[in-house]
Amino acid sequence: MLNFSCIFLHKFAAMQTVLLSKPDLFSFKECLWFLDRNYDECLHRIDAEAITKAISLNGNPLVFTLEEDEKNILLKTENKASSSENMDELRRYVIDWMDMERNIEPFYELLKRDKKLSYMAKDFSGLRLIGIADLYETLCWCIIGQQINLSFAYKIKRRLVENYGRKLITSKGEFLLFPEPETMAGITEEKLKELQFSRQKANYIIYISKAFCEGRISQGKLSALKTTEERLELLTSLKGIGEWTANYALMKTLRDPDSVPYGDIGLLNALSNHQLIRDRKDKKNMEKLFRKFEGWKSYLVFYLWRSLASPSFQAK
DNA sequence: ATCCAGGGGTCAC
DNA sequence: GTGACCCATGGA
């Protein structure tokens, strides 16, 4: 039943460390907070103040660890990435993942202008919009997460990854890679239902996987489209991808600065918590608010999600 | 027990 | 274009 392949990384390869200097308004701890929210995340591991994750660069699997010192992020990895080209790509991956190259001060200036939101610039200082590099993974994750609570979503994501993803065995333990579309395109609805996917979710996953295999959708194809409208149109032309998922993907993977997953329940709750909208259908005030954050709408969404974990908004 | 979760598709009007 | 209904499970 378990058909993943195991890859043993070379034990004696030299460890390499690359230093990424921390930009202004960057907090590794805030970023780690987001990645470690008490969910059963299977695609990275956090212990103490370090995060370890497996990725595939050009089909070349590797495991890396991030830590920080006073001024730098320490990116550590063993072999497989040892060529300077691969090392550079890994560096790019991390910078993109944590959005380290963006100057977010203009966003903070906008926050400070809003009475109800200005506290975020202080309380969440240095939090970056953590991305998901792979479009296929993003879309699958969205389908999994649709209309179920997050803890259950993480649970079935783990089952999917453990059953159909590759497993890397290293000196630091085992790490998993998200499944490939080629693998999932050949799976049946019944196999996914065994993992407690609903019939709809199972079929969406299989359908999206086939779309990737046939080239009807790809990261390159999507980013080649210039306007947001064209991108949304391509994404929502696929079954299982609606407005929410399409905007989420543009925000997390394409890093569109102004994508808002309207209708997102967490977003609505956060706006309501801050008394920025009266009810969940109050789209007018929502759009009015976001208009003030032109160029930073995606960041505002991310910070509003962050606010849901603040103690003052926890109790219901 | 009942309602709601980081929605989306379908169908009726 | 709007609204009702279905999906499937788990947490509160």
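Letters go in sequence order (proteins before strands), and every chain restarts at 1.
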Integer-rounded Å distance: B:dA5 P and A:R37 CZ: 16 Å
Separation of atom CG in A:L267 from atom P in B:dG7, rounded to whole Å: 11 Å
Touch class at under 4.0 angstrom, heavy-atom based, for A:I143 against every strand present: nothing
Nearest-nucleotide pick for A:I265, side chain only, options being B:dG7, C:dG10, B:dT10: B:dG7
Ring-face cation of A:K252 near A:W141 (centre distance under 6.0 Å, axis angle within 45°): no
Phosphate-side-chain proximity, A:Q196 and C:dG10, N/O vs OP1/OP2 below 4.0 Å: yes
Touch class at under 4.0 angstrom, heavy-atom based, for A:L238 against every strand present: sugar-phosphate
Position toward the 5' end of DNA chain B (nearest nucleotide), A:N149 or A:Q146: A:N149
A:F302 and A:Y299 aromatic ring geometry - parallel, tilted or perpendicular at 30°/60° bounds: perpendicular
C:dT9 phosphate, OP1 or OP2, under 4.0 Å from A:K201 side-chain N/O: no
Nucleotide nearest A:S151 (side chain, heavy atoms from C-beta), chosen from B:dG7, C:dG11, B:dT10: C:dG11
Rounded interatomic separation in angstrom, taking CD from A:E243 and P from C:dT2: 13 Å
Separation of atom CG in A:N203 from atom C1' in B:dT10, rounded to whole Å: 15 Å
Euclidean distance, atom OH of residue A:Y204 to atom P of C:dC6 [Å, nearest integer]: 15 Å
Nucleotide B:dG9, atom C1' - distance to CD1 of A:I205 in whole Å: 16 Å
Polar side chain donor-acceptor pair, A:E230 to A:T227, under 3.5 angstrom: yes
Rounded interatomic separation in angstrom, taking CD from A:E189 and P from C:dC7: 13 Å
Spacing of the C1' atoms in B:dA5 and C:dT2 (rounded, Å): 23 Å
A:I241 CD1 to B:dG9 P, straight-line distance once rounded to whole Å: 8 Å
A:S198 side-chain N/O to C:dT9 phosphate OP1/OP2 under 4.0 Å: no
Flag for A:N163-A:E194: side-chain donor and acceptor within less than 3.5 Å: no
Aromatic plane relationship, A:Y119 with A:H274 - under 30° parallel, 30 to 60° tilted, over 60° perpendicular: parallel
